[in-house]
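The structure appears right after this line, and notes come after that.
Since the structure is predicted, the reported quantities are computational estimates derived from the model, not experimental observations.
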Amino acid sequence: MKYKRSLYVTLVLCLGMGTSMISQKPKTMKEAILQDEKAVLQAVETMTKSFNGKDIEGVMSSYHEGALVIFEPETPVRDHKTLKQMFLAAFAINPQFEYPNGHEVFVNGDTATHIAPWVMNGTAPDGTVVQQTGLSVSHLERQTDGKWLLTFDNPHGSYLLTK
């Protein structure tokens, strides 16, 4: 009888713990997604800060080797060396990017999409003021060390709307 009773108590305790764990799981999953969204946003902000500061190593370390970047509409660039040269050339206008309307981040496992309208102000070497706007659509992947890297970056996501 004691054996049956202790088995019953153990089962009740286990079921109670299991129910408690199940009811907490969605909250934990939501918290994990929020943490991932923050980490993705931080990766984008770090890249932007590096770009605004003309820190080429910081910019390049934000991208996965073989990342695809659309510097100009309909002109994808994947070669790492070419990407570096294009970023260095862009530094000539002293660009300052901002995201005045905020960011959207969607995480699905180890992949994420970042969407944000941007404004860029700069000054060309001849003193000409340069102002541009666009819609950034980026894809990031979580690396084995937990760091998020850009694998696709299209700052001209709204191009087809104006074509």
Side-chain angles (χ1 to χ4, degrees), residues 24-163:
Q24 292 177 10
K25 194 171 185 177
K27 182 177 180 185
T28 303
M29 286 172 47
K30 185 175 182 177
E31 288 173 358
I33 289 171
L34 289 175
Q35 288 176 342
D36 285 344
E37 289 172 352
K38 288 177 185 176
V40 168
L41 183 56
Q42 184 175 1
V44 171
E45 289 175 339
T46 297
M47 184 279 183
T48 304
K49 183 178 179 182
S50 295
F51 189 82
N52 287 346
K54 298 182 185 179
D55 172 10
I56 191 63
E57 296 310 316
V59 170
M60 296 308 292
S61 69
S62 299
Y63 288 88
H64 190 275
E65 186 73 34
L68 181 65
V69 180
I70 314 299
F71 278 96
E72 294 296 327
E74 300 179 333
T75 311
V77 177
R78 181 172 287 137
D79 178 68
H80 195 75
K81 189 174 180 179
T82 303
L83 288 176
K84 187 173 184 176
Q85 291 170 347
M86 293 183 84
F87 279 119
L88 286 169
F91 291 167
I93 63 168
N94 298 307
Q96 294 297 302
F97 276 86
E98 296 177 3
Y99 304 95
N101 295 330
H103 307 259
E104 280 193 311
V105 175
F106 302 97
V107 176
N108 186 13
D110 291 334
T111 64
T113 300
H114 169 263
I115 303 169
W118 55 265
V119 174
M120 188 277 299
N121 292 297
T123 306
D126 67 0
T128 304
V129 174
V130 179
Q131 294 180 323
Q132 294 180 344
T133 62
L135 179 67
S136 175
V137 179
S138 303
H139 180 80
L140 296 89
E141 291 182 6
R142 184 188 348 242
Q143 306 305 294
T144 55
D145 64 0
K147 183 177 180 178
W148 288 90
L149 294 178
L150 289 144
T151 58
F152 173 80
D153 186 7
N154 182 3
H156 304 285
S158 59
Y159 167 71
L160 292 176
L161 294 174
T162 60
K163 189 174 176 180

(message) Test your reading of the model: is there a side-chain donor-acceptor pair from Q143 to the backbone of E141, 3.5 Å cut-off?
(response) yes
(request) Kindly give the heavy-atom pair with the smallest separation between S138 and D153, and that separation in Å. (result) OG-OD1, 3.1 Å
(message) Testing D110, N108, L41, V107 one by one against D36 for a side chain to side chain contact (heavy atoms under 4.5 Å, CB included), which residue passes?
(response) V107
(message) Please determine whether side-chain contact (heavy atoms from CB on, under 4.5 Å) holds for the pair H139 and L150, giving the CA-CA distance in whole Å, both sets of side-chain angles, and the decisive distance to 0.1 Å.
(response) CA-CA 6 Å; H139 180 80; L150 289 144; over 6 Å; no
(request) State whether the side chain of Q131 and the backbone N or O of N121 hold a donor-acceptor pair below 3.5 Å, judged by distance alone. (result) no
(request) State the OG1-CG distance between T162 and L135, to the nearest 0.5 angstrom. (result) 11.0 Å
(message) In the structure I gave you, are the side-chain heavy atoms of E74 and Y159 within less than 4.5 Å of one another anywhere?
(response) yes
(request) Return the orientation label for the F51 and F97 ring planes: parallel under 30°, perpendicular over 60°, tilted otherwise. (result) perpendicular
(request) Working to the nearest 0.5 Å, report the span between CG of N101 and CD1 of I115. (result) 13.5 Å
(request) Rounded to the nearest 0.5 Å, what's the gap from CD on E37 to CH2 on W148? Could you check? (result) 10.0 Å
(request) Write down the atom of P76, the atom of L68, and the distance for their closest heavy-atom approach. (result) CB-CD1, 3.4 Å
(message) What I'd like to find out is whether the side chain of N94 reaches to under 4.5 Å of the side chain of K54, using heavy atoms alone.
(response) yes
(message) Please find the pair of heavy atoms, one from A90 and one from P95, that lie closest to each other, and give the distance.
(response) O-CD, 3.4 Å
(request) State whether the number of non-hydrogen atoms from other residues, nucleotides or ligands found under 6.0 Å of E45 atom CD is greater than 12. (result) yes
(request) Determine, stepwise, if the pair V44 / Y99 fulfils side-chain contact (heavy atoms from CB on, under 4.5 Å). (result) CA-CA 11 Å; V44 171; Y99 304 95; 4.1 Å; yes
(request) List the atom of M86, the atom of V77, and the distance in Å for their closest heavy-atom pair. (result) SD-CG2, 3.7 Å
(message) Go through it in stages, so that I can follow the logic: the residues are N52 and E98, the test is side-chain contact (heavy atoms from CB on, under 4.5 Å), and I'd like the CA-CA distance, side-chain angles, deciding distance and then a yes or no.
(response) CA-CA 9 Å; N52 287 346; E98 296 177 3; 5.9 Å; no
(message) Testing the basics here: between R142 and G109, what is the closest heavy-atom pair and its distance to 0.1 Å?
(response) NH2-O, 2.8 Å
(message) To the nearest 0.5 Å, what is the distance between CD on E57 and OG on S50?
(response) 10.0 Å
(message) Using every non-hydrogen atom in the two residues, find where L149 and S61 come nearest and quote the distance to one decimal.
(response) CD2-O, 3.2 Å
(message) Angle between ring planes, H156 versus W118, binned at 30° and 60°: parallel, tilted or perpendicular?
(response) perpendicular
(message) Can you tell me how far apart CG (D55) and OG (S62) are? Round to the nearest 0.5 Å.
(response) 8.5 Å
(request) Measure the CD1-OG1 distance between I93 and T123 for me, rounded to the nearest 0.5 Å. (result) 8.5 Å
(request) Measure from the side-chain N and O atoms of S136 to the backbone N and O of A116, and report whether any donor-acceptor pair falls under 3.5 Å. (result) no
